[in-house]
Each structure stands twice: as structure tokens, then as C-alpha cells.
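Before any comments, here is the structure.
Computed from heavy atoms alone, side chains included, the values below leave out hydrogens, waters and symmetry copies. Letters A, B, ... are given to chains in the order of the sequence lines, protein chains preceding strands, and every chain is numbered from 1.
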Amino acid sequence: FSSEPIKIGAPLPLTGDYAADGEHMLMGFQMAVDDLNASGGLLGQKVELVTFDIKNLAAEDVSSASKYLIKKEKVDAVIEGYGGWGPDWLAFGANSNIPFFHGSGSSTANELTMKDPKSYSNMFQYFSPETDYGVRAYQGLVSFDKKYQYPNKKIAIIYGDLDWDITYTRAVKDLAEKDGWEVVLDEKVPYGTTDWGPILTKIRKEKPAAICISILSVPDISSFVKQFVENPTSSLLDISYMVVFKEVQDAVGEGLQGVMGYVTSYVIPTPEGKKWKIRFKEKFGFEVPLTTPPSTYDATMLWAKAVREIGDVKKYDEINAYIKANPYKGLLGTYDFNNPGQGVSPSDTFPIAYGQYNSKGALSFFGVDEFELPNYMNPAWPKK
Amino acid sequence: MLDVSNLNTFYGQFQALHDLSLTVEDGQMVALFGPNGHGKSTLLKTICGLIEASSGSIKWNNTELAGLSSEKIVQMGVIYIAEDRHLFPEMTVMQNLKMGAFNLSARSSEAETLAYVLDIFPKLKILRNKPASTLSGGEARMLAIGRGIMSKPKFLAIDEPSIGLSPKLREEVFLKINEIRQSGVSILLVEQSSEEVAEMADYLYLMEDGHIVFKGHTNDALKDENIKKIFLGTG
Amino acid sequence: MKINREILTTAGILIIIAVTPLIFHENSYTMHLLIMSMIWAVAATAWDLLLGYGGIFNLAQVGFFAIGAYATGMASIHLGISPWMGLLLGAVASGLAGVLIGLPCLRLKGIYVALMTLAFFEVIGPLIVVGINLGTGGKAGLFPIPPFRLGSYVFNTDELLPWYYLCLILLAICLFITYKLIHSMLGLSFTALRDSEPFAQSLGINRFKSALVVTAIAAAMTGLIGAFYAHYVVVISPRMLGLDMFLFLLIMIIFGGAARFPGPVIGAFVITFLDDMLRPLDSYRLLAFGALMVIMIMLLPNGLMGLVAKINIPLFGKRDTEAEMLNPDIPKTY
Amino acid sequence: MILELKNVTKTFGKFAAVSDLNFSVNEGEIFGIAGPNGAGKTTLFNIISGFYRATGNIVFDNRKISHLGPDKINILGIARTFQIPLLFDSMTIYQNILVGSHFGGQGKSEVENRINEALSFFGLQELRAAAVANLKLLDKKLTMAAAAFATRPKLLLLDEPVAGLNPVEAELFVGLVKKLNREHGVTIIMIEHLMNILTEMSDRMMILNNGQKLIVGSPETVINDPETIECYLGNSHA
Amino acid sequence: MSLNDLIEILISGITIGLVYFLIAVGFSLIYGVSRVLHLSYGSFFTWGAYLAWIFAVKLNFNYFWVFVLVCPILYIMGMALERFVVRPLRKRDNFDFNVLLAGLGVALFLDYAAQAFFGARTKSLPSLLDGTIQIHDFVFSYQQLTMLAAAVVIAFALWFFLEKTRQGLALGAVAQDPVGARIVGVSLNKVYLLTFGISTILAGSAGILLAPRFFISPLGGWKFLIKALIIVVAGGLGSIRGTLYSAFLLGILEALVGWLFGLLWVMPFWFLALLLILLIKPHGLLGSTADH
Ligand SMILES: Nc1ncnc2c1ncn2[C@@H]1O[C@H](COP(=O)(O)OP(=O)(O)OP(=O)(O)O)[C@@H](O)[C@H]1O
Ligand SMILES: Nc1ncnc2c1ncn2[C@@H]1O[C@H](COP(=O)(O)OP(=O)(O)OP(=O)(O)O)[C@@H](O)[C@H]1O
Ligand SMILES: [Mg+2]
Ligand SMILES: [Mg+2]
């Protein structure tokens with residue numbers, strides 16, 4: 001390697017409530033950086049990861065992150081995992097022109113970028129916005145009428161007070177209502193809810209055919225499912241992104257059979273994808289979790305490709321322009337930023353995976369690809 | 001027999017007791033007089049292990065008390081009745097008395113002692129379910145003395161028991177203390193001054209600035225006009 | 001004003017802060033840390049005024065910070081008022097909130113005040129979230145909060161010097177107010193109340209009134225700096241009400257020295273930079289912090305300022321005793 | 001008449017510590033109160049000085065004060081001391097008195113005067129800079145009284161002021177109280193168990209028993225009253 | 001609202017109350033005896049659960065052995081905290097304030113030590129007993145019933161200990177007047193050690209009992225600590241019975257408010273309830289009136 005390493009800045013929640021997610025994001029980065037260095041580095045230079053703990057994602061930590069990474073460490077790209085708070089990143093990333101990738105999955109962030117494309121020309125959102133996941137969930141949860149007889153047309157919507165949760169469930173609700181579903185429960189709950197008695201009483205009263213709940217916290221969602229299963233109604237249950245967490249599976253066990261949700265970082269089982277999964281397991285000793293590692297890996301690699309193409313890591317504007325103009329094929333599909341919001345959105349080549357826990361306790365996906373199309377199942381709530 | 005010799009006690013830099021020696025024979029009542037702020041309470045607290053002596057010895061029946069923890073000292077029957085009472089404010093009068101019998105040697109005879117105490121201070125019987133925090137100054141004093149007796153003392157160090165008592169009660173209290181002495185308990189009684197106490201006591205010590213300035217049989221002291229004037233407020 | 005150790009230390013600190021940019025103005029990250037330190041210095045000093053001097057265990061301080069930030073944030077985004085007015089508004093809004101919370105809470109005593117105000121603190125977050133229709137921005141927060149303007153100059157994130165000196169002015173103002181307050185009769189009344197409340201009352205001190213006044217002042221100072229913070233970081237959200245800020249402010253107070261003006265200021269700088277230096281430890285950072293905090297309390301119960309008080313330098317006049325530190329002499333004018 | 005109590009009752013739960021008490025104190029007199037332990041004397045002081053809220057009516061200096069808090073009552077002109085000495089332990093004597101002078105006294109420009117006067121009246125000039133925490137009892141009691149005096153009271157309530165003092169000290173203190181009464185015209189109400197002192201000082205005396213008034217009158221009548229002897233003084237005083 | 005709904009709400013309120021009682025009782029005890037606001041309490045709650053996780057999940061012991069093994073460890077941890085952190089501070093100025101902050105420091109340390117050892121990811125414990133039973137229309141899980149039993153046993157045992165045994169009375173005595181306690185022959189250090197030991201066991205066992213319902217994460221204790229604080233205050237600091245009442249009161253309030261207005265309103269209503277309680281009774285439901 002030539003002497004100067006190239007630095008990538010990674011603001012991650014390493015302590016605090018989101019530390020668990022931070023760990024997974026970090027794995028994707030480590031894998032990417034090791035891959036790059038193993039193949040001789042980037043433009044002959046060693047690649048180095050500089051992390052910054054953004055704790056509970058408070059604005060000043062995000063602000064400090066940008067200043068620390070850009071001004072002090074002088075990194076050549078910033079890639080964050082996900083925060084769900086796109087606007088924060090726009091506020092701080094826009095002051096420079098270095099490539100800045102954020103995984104907020106925020107439709108607001110896309111809209112803001114559209115309004116001021118010039119100052120945000122270096123900002124790329126590499127997760128689909130939450131509304132698209134809502135659409136996907138709607139298709140999986142409520143409109144899957146070919147193989148399933150819905151007992152009624154009632155749906156219950158429960159969501160945490162994050163933007164992500166609100167926007168996601170709103171999308172499901174709007175589509176369902178348009179289809180003639182009756183929304184019998186539309187309830188916002190605070191994060192940290194682990195006693196669901198009052199809500200479950202309402203659900204038991206209405207016995208809705210479908211329940212859609214979005215709250216991005218393992219204890220919250222696990223306790224919901226666990227307490228629901230103690231005295232269940234015959235409802236299809238969508239727990240949104242939380243299906244991916246192994247912890248939820250460990251905690252709820254059998255009760256998770258038939259529960260559905262979407263996956264943001266689903267490695268498409270192409271030969272490359274399969275190989276990558278094996279490599280991951282060799283490196284870390286366990287199966288790739290369905291959380292973020294492939295995403296942070298992809299983001300790093302797609303930036304690296306642009307750098308290689310341009311041939312100079314400091315030519316930020318050119319790199320940004322290249323990223324925008326050229327779709328990149330990664331583990332999760334083809335990233336295409338060529339739109340005014342500079343964010344990816346779902347398509348045939350960049351699918352959203354929607355899955356259901358089967359009787360073997362594994363997620364079966366439908367609609368992602370033709371390889372693994374399972375039969376839709378009625379949730380087998382344990383008999384009392 | 002309690003034998004204090006060459007005791008020195010400090011509060012930080014400040015020396016409160018200077019080379020102090022004092023003896024209380026079995027069954028004796030010794031009175032210790034002195035103006036306030038001159039170390040009387042300090043002496044009692046040091047004897048009972050609430051304050052650590054920096055040097056000197058305190059022998060109780062040939063056992064060295066200096067350096068022992070207060071609970072061991074209490075266990076041996078050396079009991080302190082504090083000037084500022086130190087009752088348990090949220091406990092009732094009855095619970096306070098029961099706590100007096102906390103140490104193992106007092107437990108077995110708790111019921112008898114309790115009857116004895118309530119006999120001395122009938123008022124406590126009336127107040128038995130009141131929290132100590134609500135007692136009047138004098139009532140609290142009675143309770144403090146009662147609690148001390150509950151500990152089954154063999155040696156009782158009493159610190160200014162008469163402050164705040166009504167004249168009638170004061171008289172009674174001294175009579176009772178005398179009674180306790182007659183039951184075989186050795187007593188070291190601290191007062192600012194009091195002719196009644198002087199007359200009851202077998203032996204008298206006078207203290208000034210942490211030094212013993214006079215010791216002798218009460219009769220001798222009572223003959224000394226100077227002492228009478230300064231320490232007893234009479235003559 | 002008699003020159004004493006407190007004034008000398010404070011003046012020293014302010015002068016050092018004022019000249020530091022000569023060295024660091026190039027390094028915008030260090031400048032940023034310095035600005036954050038000043039912000040925390042104000043918040044910690046105001047809190048110490050209550051905790052250390054007033055003996056009022058008000059745990060809602062971080063809440064006042066948020067109220068100040070939201071007042072100016074909402075007013076400047078939705079009503080378009082100038083950020084300068086926003087600073088004032090933040091102070092006033094927080095001061096009022098202080099009174100509002102003080103009215104019920106300060107009738108209680110000691111630890112009950114602590115828990116009542118803690119409960120209040122816990123409730124601000126949910127209220128901000130619930131109040132999304134009033135323009136609080138809900139859980140996502142408010143963005144972007146407009147910057148200060150001076151004539152045609154617009155404060156911006158690339159040039160930190162103007163922010164820096166603005167913040168320094170606010171810090172100086174707040175330190176001045178605090179110093180005056182500690183050495184006023186109001187300050188004395190707190191010592192009196194802490195030593196013996198009945199005696200104090202029997203001499204004409206009204207505990208409730210005294211407590212309410214400092215609570216309002218401390219809240220207003222916190223709100224003021226909260227408002228500055230909002231403009232400086234551009235985004236605010238209920239996440240600032242997390243445990244982090246709460247803990248860190250407390251740690252700053254201990255490190256600096258509770259009730260040892262201007263200890264919390266020193267604490268704020270030390271902790272902010274220490275936190276940054278420990279960054280390479282990643283998730284072990286807070287582990288180290290916890291251990292450090294305990295060790296510090298065991299070794300230096302009076303904080304760094306307690307240490308300063310022990311230093312014997314001729315320039316500092318004669319050595320202050322503990323008692324003098326706690327009971328600064330009272331100015332002869334009333 | 002500077003203070004008048006009408007039908008004053010204070011109950012704790014079911015127990016009446018002071019019940020249906022009526023009496024008045026004349027301007028300029030020394031009014032002694034005695035009575036058995038637990039008779040309600042301190043409670044009475046706490047009522048008058050606003051620490052307890054009682055039923056009934058209290059009029060001070062032609063104003064109804066029964067509803068006011070301790071700080072207000074002090075500012076109207078009633079100061080008190082406490083049975084167990086209370087002081088601001090972390091302050092000096094000077095500062096203790098300063099608190100009284102500033103918060104309790106009227107006229108901010110007079111603050112320093114009042115302090116100096118209190119210091120010299122109670123002979124504390126020398127000790128003014130001493131920390132009060134480790135003072136001896138007499139000096140504590142003097143400081144407490146001086147702080148109360150610095151609020152310029154019309155009426156001063158003293159709760160067992162000489163308890164715990166030796167005869168010489170007690171005499172000194174009593175002398176100051178008399179001087180306060182004579183030279184500064186401060187009306188005094190004083191609780192004391194030491195009968196020789198109380199009778200010697202008081203213009204009039206009252207005995208409380210079980211929260212009720214037993215007798216009010218001149219010291220001689222009071223201490224020779226058989227009921228007083230029976231419940232309070234005991235036989236040796238007869 | 002139908003009767004069945006109401007009963008169901010009450011049942012969930014009582015369940016929540018149970019949880020809160022289990023969490024708050026040790027905290028109340030420790031404050032009651034040693035006047036220490038034990039801010040690392042929540043971390044011991046977490047550690048209890050993590051230790052149980054090691055034995056129950058990693059080493060596959062059954063719950064009986066888990067308790068037998070974990071309780072002594074917790075007891076020792078509690079005593080160590082008393083001996084090495086609290087006791088040295090007790091001798092110095094500003095004890096109240098310093099011990100509060102030292103508690104925070106210990107909490108930070110323990111929490112992040114947990115993260116270092118066990119990782120940041122949420123862990124779960126299996127239920128103590130699996131399954132549910134139905135009574136009329138209402139379904140109870142065995143887990144719920146175990147918690148009920150545990151709460152009853154703990155409440156009774158504590159009551160008995162504090163009111164009926166001499167050691168228990170000694171704890172009270174130390175709380176109210178440490179010098180007085182020494183005068184009657186109580187050893188302060190022993191009592192403090194005992195208190196910290198017991199309350200740490202209480203915290204840890206609450207962690208074990210509740211982990212199957214709420215899961216374990218390094219920072220999971222904070223939420224409970226804060227709730228415990230509110231409950232203990234509302235009940236009256238130091239009163240175990242008061243803690244019992246207020247835990248159930250606030251639990252039922254939570255269920256009712258959640259049902260009527262939504263869970264988002266629970267904390268505001270708690271705040272209101274606390275305010276009301278303290279305005280009417282400034283020392284909480286059963287708090288003593290003596291000034292601390
Ligand atoms: N905790 C303490 N710290 C420092 N000095 C103390 C302490 N307790 C007492 N002293 C000092 O020690 C000296 C002796 O006090 P002590 O209480 O023994 O006197 P005493 O003779 O009992 O007086 P009194 O008649 O007032 O009870 C006094 O000068 C007092 O100021
Ligand atoms: N806060 C309270 N709650 C309940 N009872 C109380 C309270 N305060 C005082 N009492 C009771 O009221 C009675 C009168 O008390 P008070 O202190 O007025 O007596 P006192 O006349 O001053 O007696 P002493 O001469 O012993 O000081 C006592 O029986 C006492 O127990
Ligand atoms: Mg004494
Ligand atoms: Mg009295």
C-alpha cells in the first residue's frame with residue numbers, strides 16, 4: 001500500500017438503545033473493508049474505517065459525527081447504517097460535497113432532496129422509503145386473497161411514535177381503507193411498551209382479520225407477540241421489520257409461526273449472493289442476520305466502485321455524478337439513484353422481500369424470486 | 001468496676017479530653033459535673049464506643065473497652081443514655097423500648113424490664129402507640145431513659161437526664177436513678193450541676209476543659225464553698 | 001466586588017476561552033467541541049445553582065433545555081420570528097415553565113422534589129410527541145432551524161468563530177448572574193434553609209418563594225442556552241431528552257465540584273473533551289466513564305474546584321477554607 | 001394588649017395538644033409559661049409563630065394572624081427561639097444574625113445597624129466571625145436570641161432559654177432578657193421549667209396542663225396554687 | 001364498556017401492578033433503611049437476569065438451581081457495593097449527593113460491562129412455567145401466576161422480616177437514627193451490608209422473574225428504575241406497604257388509561273396521579289411525616 005490510507009467515516013450507534021443494530025452495521029463495513037484491502041486496496045491505498053458513536057442518535061451527536069468525520073478525520077466518504085431520521089443527515093452532510101450515504105429509509109429525506117437538488121447532490125439514500133414497505137406489507141397481509149379466506153374485513157393498526165412507524169402503517173391503512181377494510185384500531189404507542197394488556201383487550205373484542213404493528217424494538221414487539229399468543233384471535237399478524245430479528249424468534253419461539261413482515265436487507269440468492277453468505281459465516285461464525293450487514297457492505301462497495309471508475313478519491317463531485325448516473329448491482333439488487341430524490345426505490349431488480357414464519361421456524365419469502373415461493377399459511381396459534 | 005485511665009479524645013485537631021482518669025466502683029453512683037462544652041458528653045461517648053479514643057484505656061471488669069465496637073460494649077452491659085436522646089422517630093414508644101432490648105443479654109428478660117420501666121414512667125404507658133417524633137421534650141427524655149434501662153445495664157452512663165423535665169418529674173427521675181443504683185447497677189451521671197445529685201452520689205468529679213479538676217467524696221466537696229458556688233450554683 | 005478566588009478562576013477561564021481560537025480556529029472540530037463545552041457549561045452551572053447551592057433536587061433541568069430549544073425552534077420555523085428574539089423567547093418560556101413546575105413541586109421537600117421533577121422530565125418527551133399537531137414535529141423533531149443573522153451576515157456551519165464568541169458572551173452573562181446570585185441574600189437564604197429550615201422560617205425566610213425564584217432563574221438560563229443550541233445544531237428532537245445529556249451534565253457537575261463555582265464550567269470542558277478522547281474505546285467508553293466517575297467521587301468528593309481551593313498560590317490571595325467556600329462573604333451593599 | 005388567643009385548639013389526630021385556650025398578653029410584660037412535660041407549651045409557641053395551623057383566633061397587634069405562615073408572622077413582629085438550639089451551622093455568628101436582620105427586619109438600609117446592635121447587646125462582638133457549629137451551649141443560645149432580636153420583634157417567644165445552662169450562665173442570660181424587655185420594650189413570653197428563675201422574672205404566669213389553662217396570675221399566686229403544686233411542682237416545692 | 005372488558009382491564013392492571021411491585025420493593029427497602037437512593041438498582045435488575053441467562057440458557061439448569069446459584073452472587077455484589085463504594089462515602093460530607101452520583105457511575109459501569117460481556121442484543125429467558133389456564137372467559141398464563149405467587153411471597157417475607165424479627169427492626173432503627181441504633185447495640189455496618197445484599201437480591205430476582213416477559217438488554221434496567229422511583233415516591237419513601245399499594249394503583253391506572261385514551265397517555269397520567277397524591281399527602285400514600 002502507498003502510505004496514505006483512504007478513510008471511510010461510519011457514524012454508528014455503538015452505545016445506547018440502538019447499540020445492537022450498530023454491531024450488525026459494523027460487520028458489513030468490516031467485511032467490505034477487508035474485501036477491499038484483500039484485493040489490494042482502493043487505487044492502491046489501504047482503506048480504513050473510522051467509526052463515531054452517535055449514541056441515541058440525538059441531533060448534536062449526529063452533528064458532532066459529521067464534524068468529527070469530515071473536518072477532523074477528513075474522511076472521503078460517510079456511510080451510516082440506518083437511523084430513520086433522514087433530515088438529520090441532510091442537515092449535516094450537505095455542508096460538504098463528499099459522498100454521503102444514509103440508510104434512513106425516509107420519504108421525507110427524498111422530498112427534501114428534491115426541493116434542493118444542488119446542495120444535496122452528495123446525499124444518497126440506499127434504503128427504499130418506508131411507504132414502499134407499507135405497500136408491500138399491504139399486498140402480503142391483506143390482499144393475499146387467493147389462498148386465504150379472511151374471516152372479516154377488519155384491520156388493526158398499531159405503531160410506535162417514530163416517523164418510520166407512522167408513515168409505514170399509514171401506507172398500509174390507506175390502501176386497506178381504499179379496499180373497503182374497516183380500521184377497527186388505529187393506535188399510537190410509546191416506545192418501551194412491554195405490557196400490552198389494554199391493547200390486547202381491544203383486539204380481542206374486535207377480532208380483526210389482520211393486525212399490522214410497527215415498533216422497531218425487540219422487547220416491545222416480542223412482548224406483544226408473546227402476550228397476544230397467550231390468548232390469540234384468529235388474525236394475520238404483520239410485525240413489519242421486526243421479523244428479521246433472531247432475538248424475537250428466540251423470545252417468542254413457536255408463537256411466531258405464520259407471523260409476517262418485510263426484510264430490508266435480503267441477499268438475493270444468486271450465486272454471488274450465496275457465496276457472500278458463506279464467506280460471512282466463515283468470518284463471523286454465524287449465519288448472516290437479516291438485518292443490516294449486506295446493506296452497509298453494498299453501500300461501501302458501490303462507493304468503492306465509483307472511486308475506482310473515477311480514479312481519484314478526492315474528486316468528490318465526479319464520484320457523486322458517477323454514482324447518480326450508474327446503477328450498481330449489489331447483494332440486494334440493483335441500486336439506482338438516478339432520480340430527483342437520489343434514493344433507491346423498489347423494483348423488479350431491487351425487490352422488497354416479504355416473508356412469513358413457517359412451521360419450521362424459518363422465514364419463507366414470497367414474491368422476491370421464483371426460487372423460494374412458499375404456500376401461504378394460516379397462522380397456527382398454539383392451542384390452549 | 002469501670003476504670004478509665006489517661007484517656008485522650010480528639011475531634012479532628014481539637015482535643016476534647018486530656019489525660020483523663022476516673023473510676024466507678026461496683027454499685028457506686030459517681031457524679032460528673034462541669035460547665036457545658038467541657039467534654040462531659042465526650043467522655044461518656046468514648047466510654048461507650050461511639051467515639052474512638054486516641055489513647056488511654058477503659059477497663060470494665062478488667063476487659064479493655066477502648067477499641068471495641070459499640071455493639072460489643074453494649075453486649076457487656078455498658079449502656080449510654082444520650083443527652084440528645086437519639087430516639088427512633090418513626091417507631092412508637094413501645095417499639096423504641098423494645099429496641100432497647102436489642103442486645104442478646106437483654107432479650108431474655110425483656111418482659112420484666114418493660115414492666116419495670118412502665119412502672120417508673122407511667123406516662124409512657126399512655127403514650128405507648130405514639131411515634132417518638134411527636135413526643136414533647138420531657139416525654140422524649142423519659143423514653144430515652146426507659147430505653148436505656150431496657151438494655152439491662154450493668155453500668156449506666158447517663159447524660160444530663162434532667163434537662164427539660166418539670167420540677168416534679170425531675171425529682172422522680174433522680175429517685176428512680178437512685179433505685180436503679182440500689183439494684184446493683186453502677187452509674188456515672190453527668191449533670192451541669194445539681195445539689196440533689198451531689199447528695200445522692202458516692203463520689204464526685206468536676207471537669208473543666210477536658211481535665212478533671214476535682215475528685216473526692218461528695219461530703220468533702222459539699223464542704224468546699226468555692227465548689228459549691230461554681231458547680232452547684234448555691235452557697 | 002471583592003476580588004476572590006472564584007472571580008479569579010472564572011475570569012481566568014473566560015480569558016482562556018476567549019484566546020483559544022487563536023490556536024484552534026482552523027480546526028473546526030475542536031471549535032465545535034469548545035462550543036458544545038460552553039453550552040454544557042451554562043446548563044451545568046444553572047443546574048448546580050439548584051442542586052449544589054439551592055439544595056433543590058430539581059431533575060427537570062434537561063427538560064428546560066428542551067423547552068428553550070423548542071420555543072425558539074417552533075417560533076422561528078412556524079412564526080418566522082428572528083433567532084435573536086428566539087433566544088429571549090427560549091429563556092422566557094423556560095423560566096415560565098420553571099415557575100409552572102415549581103408551583104406544585106416546590107411545596108414538597110428534599111427527595112420528593114427530585115422525584116416529582118423527574119416524573120415531569122419523563123413526561124416532556126411524550127408531550128412533545130403528542131403535541132405534533134401544535135408544530136413540535138413529533139418524534140422526528142424540527143428541521144431546519146434558521147441561523148442567526150447580523151446585518152447581511154448569516155451564521156453558518158462552515159464558520160464557527162461567530163458562533164463561538166456569541167456562545168462565549170452567553171456563557172459570561174450566565175456566569176455573572178450565577179455569581180451575583182450565589183453571593184446575594186438569596187444565596188444566603190438557601191444556606192440558611194439547608195442548615196435549619198424552622199430557624200430560617202422563624203427569621204422571616206419564605207422557603208417557597210426563595211426556591212421559586214432560583215428555579216425560575218436557573219430554568220431561564222438553561223432555556224437561553226437551549227435556544228442557542230437549537231440554532232447551532234439546526235435539528236432538535238425529543239431524543240435530546242434521553243439519559244445521555246442528563247447523566248453527562250451530572251458528571252460535569254461532580255467533576256467540576258458541586259456548589260463550587262465555577263466548578264461545573266471546568267467540569268463541562270474536561271468531560272466534553274475526555275468523552276471525545278475516549279472515543280477510540282467505542283462501546284467501552286461509557287464503561288470507562290462509569291468507573292472514572294466512581295473513582296473521582298471517592299478520591300475528590302469536592303471535584304476539581306475543590307482541588308483548586310486547596311492550591312496555595314500567592315496570586316490567589318490567602319487560602320480559602322472550606323467554610324469560606326461554602327459561605328462566601330456577603331457584599332456590604334444590599 | 002399585644003397578643004390575644006381565643007378558643008385556640010390544636011389536635012394531632014384525636015389527641016388535643018392544646019385545647020380551647022384563651023389568654024392574652026399585655027404590651028411590655030414578661031409572661032411566663034410553665035406546666036408538666038407534654039402539656040402543650042411548645043405546641044402553643046408553634047401555633048403562635050405560625051408553624052402549626054390551629055383552630056380559633058389569634059390576634060397580634062390588632063391583626064388576625066392565625067392563618068399566616070412563620071415567615072409572615074416574623075415580619076409582623078413576632079420572633080422566637082427553640083427548645084433545642086437551632087442555628088445555621090455552616091455560617092458564622094455574624095451571618096446567622098444577618099439572616100434575621102435582612103429577612104425579618106424592616107428597612108434594608110438599617111440591616112448593618114441591627115446586626116451590630118444585636119452583636120453588642122448579646123456580647124457577641126468578639127465572636128462575630130466564629131463558626132457556630134462548635135460553639136458552647138450558652139453562645140449558641142445567645143446567637144439564636146440575637147438573630148431573633150435582629151428582626152426587631154415586638155414580641156419574643158423564648159422556649160426554655162436557660163435549660164442546660166449552669167447557674168452563672170443562666171443568670172447572665174436572664175439579665176439580658178430583662179434588659180431587652182426594659183430598654184427595648186420587647187414583650188416576652190417565656191417557657192421554663194426552672195421555677196426560681198421564671199417566678200423571679202415574670203410579671204404574670206400561666207400554667208398549662210393537658211393542653212388547657214390551669215391558672216393565670218402573679219407568680220406568687222401561681223406557685224402557691226395547690227393544683228399547680230399537685231400536677232407540676234411536686235411536694236418539695238410546697 | 002362491558003363488564004368483561006372491565007374485568008380484563010383490571011386483570012392486566014393487576015398484572016402490571018405485580019410487575020411494578022416486584023421491581024420497586026427492593027428499591028423501597030434500601031431507601032427506607034439506608035436513605036440511599038440506589039441508582040444502580042436498575043443495573044442489578046439487569047444483571048440478575050443476565051446471570052440467570054448464563055445458568056438457564058447457556059448451562060441449562062432449571063429455575064430452582066438458577067435461583068439457588070444467582071442469589072448468593074447478587075448478595076455478594078450488593079455487599080461489595082456497600083462495602084467499597086457507599087461506606088467510604090458515608091464518612092464524608094455531601095453523602096446524599098455523592099452517593100447518588102456514585103450510584104449513577106456504578107450503573108453506567110455495570111450496564112456497559114453487561115454490554116461488553118453479553119453484547120448489546122436483546123436476550124430472552126424461557127418462561128418459568130409454560131402454558132396458560134382459562135377461567136371463565138379469562139386466560140392466565142402460568143408466568144403471570146408465578147409472578148403473583150412470587151410477589152405474595154416476597155411481600156409477606158419482607159413484612160415478616162421487617163416487623164417481626166429483631167434484625168428487621170434493627171434495619172428500621174438504623175434508618176431513623178443511626179446513632180440511636182448504635183446506642184442500643186446495633187452494628188451499622190452489618191445492617192447496611194445486609195440491606196444492600198437483600199435489596200440486590202430483590203432487584204436481581206425481579207429481573208429473573210420479569211425477563212421472560214420483558215427481555216434483557218444492557219440498558220433495560222433504566223426504564224424500570226424510573227418507574228420504580230415514581231412508584232416508591234407515590235407510595236411513600238421507605239414504606240413497603242405504601243409501595244405495594246401504589247404499584248397496584250399505578251398499574252391499574254396504566255391499564256385503564258391505556259384502554260381509554262391510548263398508551264401514549266400513560267406517563268402524563270402517572271405524572272398527574274403523582275402530583276395529586278403528593279399535593280394531598282406530601283410524603284406519599286403511606287410515607288412517614290418525619291422529615292428526612
Ligand atoms: N462532633 C464534634 N465535632 C467537633 N467538636 C465537638 C464535637 N462534639 C463536641 N465537640 C466539642 O468538644 C467539646 C466538648 O463537648 P461535650 O459535648 O463533650 O461537652 P459537654 O461537657 O458534654 O457539654 P454540654 O454541657 O453542653 O453537654 C466542646 O468544645 C464541643 O464544641
Ligand atoms: N406533631 C405532633 N404529632 C402528635 N403529637 C404531638 C405532636 N407534637 C406534639 N405532640 C404532643 O402534644 C403534646 C404537647 O407537646 P409539647 O411539645 O407542646 O409539650 P411541652 O409542653 O412543650 O412539653 P415539654 O416541657 O416536655 O417540652 C405532647 O403530648 C406531644 O406528644
Ligand atoms: Mg454534654
Ligand atoms: Mg417543650
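For Ala175(E), no part lies near chain B; criterion is any non-hydrogen pair under 4.5 Å. At a 4.5 Å heavy-atom cutoff, the contact between Ala101(B) and chain E is made by backbone and side-chain atoms alike.
With chain E as partner, the option from Leu87(B), Asp84(B), Ile73(B), Thr134(B) having the largest number of non-hydrogen pairs under 4.5 angstrom is Leu87(B). Most heavy-atom pairs under 4.5 Å with chain B: of the set Ala170(E), Gly185(E), Gly172(E), this distinction falls to Gly185(E).
Atom CZ of Phe109(E) has 12 or fewer heavy atoms from other residues, nucleotides or ligands within 6.0 Å. Atom NZ of Lys72(B) has 12 or fewer heavy atoms from other residues, nucleotides or ligands within 6.0 Å. Open room surrounds CD on Glu52(B); 12 or fewer heavy atoms of other groups in view lie less than 6.0 Å from it. Arg87(E) CZ: more than 12 foreign heavy atoms inside a 6.0 Å radius. Environment of NZ in Lys223(E): crowded, with over 12 heavy atoms of neighbouring residues, nucleotides or ligands closer than 6.0 Å. Applying the 6.0 Å contact sphere to NZ of Lys123(B) captures more than 12 heavy atoms from other residues, nucleotides or ligands.
With hydrogens and angles disregarded, no donor-acceptor distance shorter than 3.5 Å links the side chain of Glu90(B) to the backbone of Gln176(E).
A 4.5 Å side-chain heavy-atom check between Arg166(E) and Lys98(B) finds every atom pair outside the cut-off. In this structure the side chain of Met99(B) reaches within 4.5 angstrom of the side chain of Val186(E), judged on heavy atoms. Put simply, the side chain of Phe102(B) reaches to within 4.5 Å of the side chain of Gln167(E), judged on heavy atoms.
Atom OG of Ser69(B) sits about 10.0 Å away from atom CG of Leu188(E), to the nearest 0.5 Å.
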request  = Mind running side-chain contact (heavy atoms from CB on, under 4.5 Å) on Glu71(B) and Arg182(E) for me, showing each step along the way?
outcome  = CA-CA 7 Å; Glu71(B) 76 260 23; Arg182(E) 287 179 69 192; over 6 Å; no
request  = Starting from the C-alpha separation in whole Å, work towards a yes-or-no answer on side-chain contact (heavy atoms from CB on, under 4.5 Å) for Met150(B) and Val184(E).
outcome  = CA-CA 9 Å; Met150(B) 289 300 292; Val184(E) 299; over 6 Å; no
